[in-house]
Amino acid sequence: MSAPETSYRICLLPGDGIGPEITAEAVKVLDSLGAVEDVGFTFDEALLGGAAIDATGSPLPDETLAKAKAADAVLLAAIGGPKWDTTDPDQPRPEQGLLGIRKGLGLYANLRPVRIFAPLRDASSLKPEFLEGVDMLIVRELTGGLYFGARGRETGVAGAATGGGAGMRAFDTMEYHEYEIERIARSAFEAARGRRGLVHSVDKANVLESSRLWRAVVHRVHAAEFADVELVDQLVDNTAMQLIRNPAQFDVILTENMFGDILSDEASMLTGSLGMLASASLGDGTALYEPSHGSAPDIAGLGVANPLAMLLSVEMMLRYSFAMDAAADRLAGVISGVLDDGWRTRDIASPDTPADRIIGTIAMGDLVAERL
Ligand code: IPM
Ligand code: MG
């Protein structure tokens, strides 16, 4: 057999908890997809998060960032766990590794699609009739805002004694530059053009100065370049409510980092399980793909984790980084087919799922790989 003409190098970051288990399924699926498509995938594994802290003392070793930059795409599973939980600002945290790699790769646009898989309708905590037509994309700004603004603590603050505290003050800053708002707005409007052509720009412009700049810049970009797309401003507290009241009204939600973090977890529950949500983080260089769920330390090593969000992240990688749309469509079709046939991991099983249809991580990966 001759070597495939096209080959892609993927940097794998299994991270912590269930990360290594779901990463193994992604590799399995990419291997079988590569064989069918005659595309070579090579893998370069690196440490991130808690695993990296244990091995090197740093949540993002230099070698990891270098490997990520050198790759054609990065596939990240999940990081974090109780072992590394601390409120001591001097101790390293796994999350710093994730934030560091986002910043280090310049991944300012985080795309989180939320779609309902018909056979999982009953897994949602909302009544099925509210899920009719739900298909949205959250475009979350990922390298600015509160996550990256100035922060710190100060001791011996004047007047603190009257508050009964120990005289300590802590602060985080929500900060946005015009160019950061412009480029994420473009990402959202462009995405909307390939969808239903509607963008809800979510902010807190009735209170926050950064939101007032956000709103002004989004409108300027819209008027100058995307007048064909419909733009609606919405306050974030209202969005939180509308997501439950009438989720089908949304097409693209454009929002800043922290609001996007919160709203995407909320929206994920429309699907019934965080285990079904993929994400892509794009910038000007290598892109990164990761499931939206965490490292689920409570079920790590048990072989029951749902690998589908990871596999759906692979689907996004095929589309956005390798322009392999046909292969991505096929993978998506196979995943839907497996669900249509009643196969479930534990998190997406319902009370009437027959026991012999509830399968583990490896069996789910096998099913997808075989059907490809
Ligand atoms: C996410 C996660 C991360 C975030 C954490 C783990 C730092 O919640 O990707 O949504 O807040 O961005
Ligand atoms: Mg989050």
- In terms of hydrophobic clusters joined by side-chain contacts under 4.5 Å, are Tyr320 and Val139 together? yes
- Do the side-chain N and O atoms of Gln249 and Gln242 include a donor-acceptor pair separated by under 3.5 angstrom? yes
- Please confirm whether the backbone N or O of Gly81 pairs with a side-chain atom of Asp16, one donor and one acceptor, at under 3.5 Å? no
- Close side-chain approach of Thr143 to Glu141, heavy-atom, < 4.5 Å: yes
- Message: Checking Ser281 against Asn110: is there a side-chain donor and acceptor pair closer than 3.5 Å?
- Response: yes
- Kindly indicate, with the supporting measurements, whether the criterion salt bridge (charged side-chain N to carboxylate O under 4.0 Å, His left out) is fulfilled by Glu182 and Arg220. CA-CA 9 Å; Glu182 272 167 17; Arg220 198 184 65 222; 2.4 Å; yes
- Message: Hydrophobic clusters here meaning ILVMFWY residues chained together by side-chain heavy-atom distances under 4.5 Å, can you tell me if Val236 and Met136 are in one?
- Response: yes
- Item | Donor-acceptor contact below 3.5 Å, side chain Ser279 vs main chain Glu290 | yes
- Query: If you measure from the Lys or Arg side-chain nitrogens to the Asp or Glu carboxylate oxygens, is any gap between Lys28 and Glu370 under 4.0 Å?
  - Reply: no
- Note on the structure: Rounded to the nearest 0.5 angstrom, the OG1-CG distance for Thr271 and Leu277 is 4.5 Å
- With rounding to the nearest 0.5 Å, note down the distance linking CD in Glu37 to OG in Ser32. 10.5 Å
- Query: Does a side-chain N-to-carboxylate-O contact under 4.0 Å join Glu256 and Lys204?
  - Reply: no
- Atom of Ala309, atom of Leu274 and distance for their closest heavy-atom approach: CB-O, 4.3 Å
- Query: Hey, quick one: are Leu76 and Leu47 part of the same hydrophobic cluster, counting side-chain heavy atoms closer than 4.5 Å, chains of contacts allowed?
  - Reply: no
- Item | Main-chain N/O of Asp135 paired to Arg195 side chain as donor or acceptor, under 3.5 Å | yes
- Task: Could you walk me through whether Thr23 and Leu75 pass the side chain to side chain contact (heavy atoms under 4.5 Å, CB included) test, one step at a time?
- Result: CA-CA 8 Å; Thr23 302; Leu75 187 61; 5.7 Å; no
- Message: When you group the ILVMFWY residues by side-chain heavy-atom contacts below 4.5 Å and let the links chain together, are Phe41 and Val334 in the same group?
- Response: yes
- Query: When you look at His200 and Thr239, which way does the side chain to side chain contact (heavy atoms under 4.5 Å, CB included) test go after all the steps?
  - Reply: CA-CA 9 Å; His200 280 79; Thr239 305; over 6 Å; no
- Quick one: pull up CZ in Arg346 and OG1 in Thr361 and give me the separation to the nearest 0.5 Å. 9.5 Å
- Query: Between Ala327 and Leu33, which heavy-atom pair has the shortest distance, and what is it?
  - Reply: CB-CD2, 4.1 Å
- Which is it for Ser295 and Ile79 under the side chain to side chain contact (heavy atoms under 4.5 Å, CB included) test, yes or no, and what are the steps along the way? CA-CA 5 Å; Ser295 60; Ile79 50 105; 6.0 Å; no
- Message: With heavy-atom distances below 4.5 Å as the criterion, would you say the side chains of Leu235 and Asp203 are in contact?
- Response: yes
- salt bridge (charged side-chain N to carboxylate O under 4.0 Å, His left out) partners of residues 79-91, not counting sequence neighbours, each pair once: Asp54-Lys83, Asp85-Arg93
- Going by heavy atoms in the side chains, are Asp62 and Leu65 under 4.5 Å from each other? no
- Message: Which residues pass the side chain to side chain donor-acceptor pair (under 3.5 Å) test with Glu5, not counting sequence neighbours?
- Response: none
- Message: Is a donor from one side chain sitting under 3.5 angstrom from an acceptor on the other, for Ser321 and Tyr8?
- Response: no
- Note on the structure: In Arg186, Arg183, Arg193, the residue satisfying salt bridge (charged side-chain N to carboxylate O under 4.0 Å, His left out) with Glu225 is Arg186
- Message: Please report the interatomic distance CE(Met276) to CG(Leu311), rounded to the nearest 0.5 Å.
- Response: 9.5 Å
- Are any of the side-chain nitrogens in Arg151 or Asp172 under 4.0 Å away from the carboxylate oxygens of its partner? yes
- Item | Check: Asp366 and Ile359 side chains under 4.5 Å, non-hydrogen atoms | no
- Query: Take atom CD in Glu63; do more than 12 heavy atoms of anything else shown fall under 6.0 Å from it?
  - Reply: no
- Query: Do Leu142 and Asn257 come close enough that some side-chain heavy atom pair is under 4.5 Å?
  - Reply: yes
- Is Ile10 close to Phe322 at the side-chain level, that is, under 4.5 Å between some pair of heavy atoms? yes
- With no hydrogens and no angle check, is any side-chain donor or acceptor of Glu21 less than 3.5 Å from a backbone partner on Gly301? yes
- Kindly work out whether a path of hydrophobic side-chain contacts (I/L/V/M/F/W/Y, heavy atoms less than 4.5 Å apart) joins Leu270 to Ile262. yes
- Message: Counting only heavy atoms not in Ile244 (residues, nucleotides, ligands), do more than 12 fall under 6.0 Å from its CD1?
- Response: yes
- Item | Backbone of Lys69 reached by a side-chain donor or acceptor of Thr286 within 3.5 Å | yes
- Distance (rounded to the nearest 0.5 Å) between Lys103 NZ and Tyr108 OH: 13.0 Å
- Task: Check whether any side-chain heavy atom of Val36 lies under 4.5 Å from a side-chain heavy atom of Arg330, and answer yes or no.
- Result: yes
- Query: Quick one: CG on Leu243 to CD on Glu266, what's the gap to the nearest 0.5 Å?
  - Reply: 4.5 Å
- Note on the structure: Sorted by chain and residue number, the ring-ring contact (aromatic ring centres under 6.0 Å, His included) partners of Tyr176 (sequence neighbours excluded) come out as Trp214
- Query: Is there a donor-acceptor contact under 3.5 Å linking the side chains of Thr353 and Arg344?
  - Reply: no
- Query: Hey, are Arg196 and Glu230 close enough for a salt bridge, meaning a charged N less than 4.0 Å from a carboxylate O?
  - Reply: no
- Message: Contact between Phe226 and Val199 at the side-chain level, heavy atoms closer than 4.5 Å - yes or no?
- Response: no
- Query: With distance as the sole test, does Asn306 use its side chain to make a donor-acceptor pair with the main-chain N or O of Leu308 at under 3.5 Å?
  - Reply: yes
- Message: Is there a side chain to side chain contact (heavy atoms under 4.5 Å, CB included) between Met316 and Leu312? Walk through the geometry before answering.
- Response: CA-CA 6 Å; Met316 295 187 87; Leu312 291 165; over 6 Å; no
- Any idea how His219 and His222 line up, ring-wise: parallel (<30°), tilted (30 to 60°), or perpendicular (>60°)? perpendicular
